[in-house]
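Count residues from 1 along the sequence. Atoms within a ligand are numbered from 1 in the order they appear, just like the ligands themselves. Hydrogens, waters and symmetry mates are skipped; everything else that's a heavy atom, side chains included, is used.
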Amino acid sequence: MELTTAMLLWLLLGLSCLVVCLHRKGQQKRGCLPPGPRPLPLLGNLLQLDTKDMVKSLLKLSERYGPVYTLHLGSRRVVVLCGYQAVKEALVDQAEEFSGRGDLPVVFRFTQGNDIVLSNGEKWKVLRRFALQTLRNFGMGKRSLEQRIQQEARCLVQELAQMQAAPFDPTFLISRAVSNVICSIVFGDRFEYQDGSFLTLVSLINQNFQLLSSLWGQMYNIFPGPMSCVPGPHNRIFENFEQLRLFVLERVKMHQESFDPSCPRDFIDCFLLKMEQENQDPLSYFHTETLVMTTHNLFFAGTETVSTTLRYGFVLLMKYPEIQARVHAEIDQVIGRHRSPSAEDRSRMPYTDAVIHEVQRFGDVIPMGVPHAVTQDTHFRGFLIPEGTNVLPLLSSVHNDPTQFKDPATFDPAHFLDPSGGFRKCDAFMAFSTGKRICLGEGLARMELFLFFTSLLQRFAFTPLVRPEDIDISPLVSGLGNVPRPYEFRAVPR
Ligand code: HEM
């Protein structure tokens, strides 16, 4: 045998051994994962998915593989959870194991895990605890915050009244009002609706929510490496994030110049104080980058989710005018026309409360949740999910679970009403997710939704420019978020 042939044979043998070893190692790492479609190299299960309607194709796969299955998004392995029971068993019954954050490369490229949403372990715990405590100190769940929202709702009512029932697209007016609430907690200030740079900021947030949910945003999440080199609209996401970062950074600098440790004015001041207290600790999580990214989290999440929900709410009430009429009647009966709605009113307004819950269930603003990950090797329903595996709790599948809601495909406030018309609490309501990663702004968001919703409906009837039956309530894009189609309406004074 020639020397070169012998060497070639040895090389082939060596390579084969390596492949077998790697495969074995992969199998061991695979644990005993739930079943799922066979992935292709590099592509994973991309060909089985419709990236324009991920939720629908993920639900379709669960019909074949069951409520808990394994999927490959590119080379990333993900366990998908469908339906109330599976999501609850994981996120609530095994809360600690399922509390890790999974990969969201399109956002991680920007935050580098220096925020709450995408951090893990001790860093996440410390930042989350601090943010929750500080939001509470600045009024989350308290009367002072209620007054702030009431004041903002009055500004919004005034602005709408000036339209004199002329048709217009409410998107940016609503988002400026909503954003002002979180702005006053985080930056210590609200902005005038006429302020051009404020409008630019909320448009950047709005555009990014849409782009993150688009085909391009999803493709970046699946193939971050190649997509970083490809031109396309997804690159706008990073430019927009950068503009938002510069805005936050500028605000931080302004705060530093007028900082008085004995009298913190807002979230940024509290963070600066913590940075000062821990500046000798090299392991501290309180530094400028975490300050900017955590502030950015609150600003972004606090603006877009609530305003998108309100936009969904108004279009649904125009589609179903009989439901709008019942909300009007309840407002007239419980609050009347002359005083501002207050958080206390909610307990006496079961119908309106049910409508808001149903808007959140049906609108499904974050349909796939935000990816989780298991923090350790985890036994779940007879499977073994290896530490670090991503988990997708399909919140949409919970909201459309026929074992939990009588007629999930229909917008019907009765889903949250008992037979005597009282409000019916429902464990399968998971718009804010559940478990240890549950939305940090839930208390604030609930209060905002109730007060904005009732304040506007107290003063206006919302009427569409087309016949109710012609209103399309399907989302414009569906991905990370469900984005409602743009529409115009008339706010007719009552
Ligand atoms: C209707 C409004 C809102 C909805 C539907 C919503 C929904 C969600 C969802 C589904 C998650 C993911 C939870 C998980 O990983 O399981 C989340 C996380 C989060 N939300 Fe919200 N949210 C809303 C409002 C807000 C507001 C007003 C704020 C800010 C004050 C906020 C801040 C956050 C933060 C910081 C996280 C990350 C929590 C963590 O990873 O520990 N959200 N939200």
Does Lys436, backbone or side chain, put an N or O under 3.5 Å from an N or O of ligand 1? no
Under a plain distance cut-off of 3.5 Å, with no hydrogens placed, do Gln458 and Thr454 share a side-chain donor-acceptor pair? no
Just which atoms of ligand 1 are under 4.0 Å from any heavy atom in Trp124? 39 (C), 40 (O), 41 (O)
Logged contact type for Leu395 with ligand 1, heavy-atom cut-off 4.0 Å, is side chain
When the aromatic ring centroids of His296 and Phe110 are compared, is their separation below 6.0 Å? yes
Parallel under 30°, tilted from 30 to 60°, perpendicular over 60°: which one fits the rings of His357 and Phe416? tilted
Which of the atoms of ligand 1 are close to Leu444, meaning less than 4.0 Å from one of its heavy atoms? 30 (C)
Within the 3.5 Å criterion, strictly below it, is a donor on Asp364 or Ser396 matched to an acceptor on the partner's side chain? yes
Within-4.5 Å side-chain heavy-atom neighbours: His372 and Pro393: yes
Just which atoms of ligand 1 are under 4.0 Å from any heavy atom in Ala445? 2 (C), 24 (C)
Which of the atoms of ligand 1 are close to Val306, meaning less than 4.0 Å from one of its heavy atoms? 2 (C)
Using heavy atoms and a 4.0 Å limit, tell me yes or no: is Arg446 in contact with ligand 1? no
Do ligand 1 and Arg437 have nitrogen or oxygen atoms that lie under 3.5 Å from each other? yes
Nearest heavy atom to atom 3 (C) of ligand 1, choosing from Thr305, Thr308, Thr309, belongs to Thr305
Does either side chain, that of Ser119 or that of Arg101, offer a donor lying less than 3.5 Å from an acceptor on the other one? no
Test side-chain hydrogen bond (donor to acceptor under 3.5 Å, both in side chains) on Thr375 and Glu97; report intermediate values, then the result. CA-CA 5 Å; Thr375 54; Glu97 291 103 310; over 6 Å; no
Distance filter under 4.0 Å to Gln360 heavy atoms, resulting ligand 1 atoms: 1 (C)
Could you tell me whether some N/O pair between Arg101 and ligand 1 is separated by less than 3.5 angstrom? yes
Report yes if some heavy atom in the side chain of Leu440 is under 4.5 Å from a heavy atom in the side chain of Leu298; otherwise report no. yes
Between Ala431, Cys439, Ser307, Ala301, which one has a non-hydrogen atom sitting closest to atom 18 (C) of ligand 1? Cys439
Which atom names give the shortest non-hydrogen contact between Thr378 and Phe98, and what distance separates them? CG2-CE1, 3.8 Å
Show your working on side chain to side chain contact (heavy atoms under 4.5 Å, CB included) between Tyr193 and Asn180 and close with a plain yes or no. CA-CA 9 Å; Tyr193 296 149; Asn180 262 339; 3.6 Å; yes
Any N/O of Ser433 closer than 3.5 Å to an N/O of ligand 1? yes
Mark up the atoms of ligand 1 that fall under 4.0 Å of a heavy atom belonging to Arg128, in ascending order. 38 (C), 39 (C), 41 (O)
Run the numbers for me: atoms of ligand 1, each under 4.0 Å from some heavy atom of Ile182, listed by number. 30 (C)
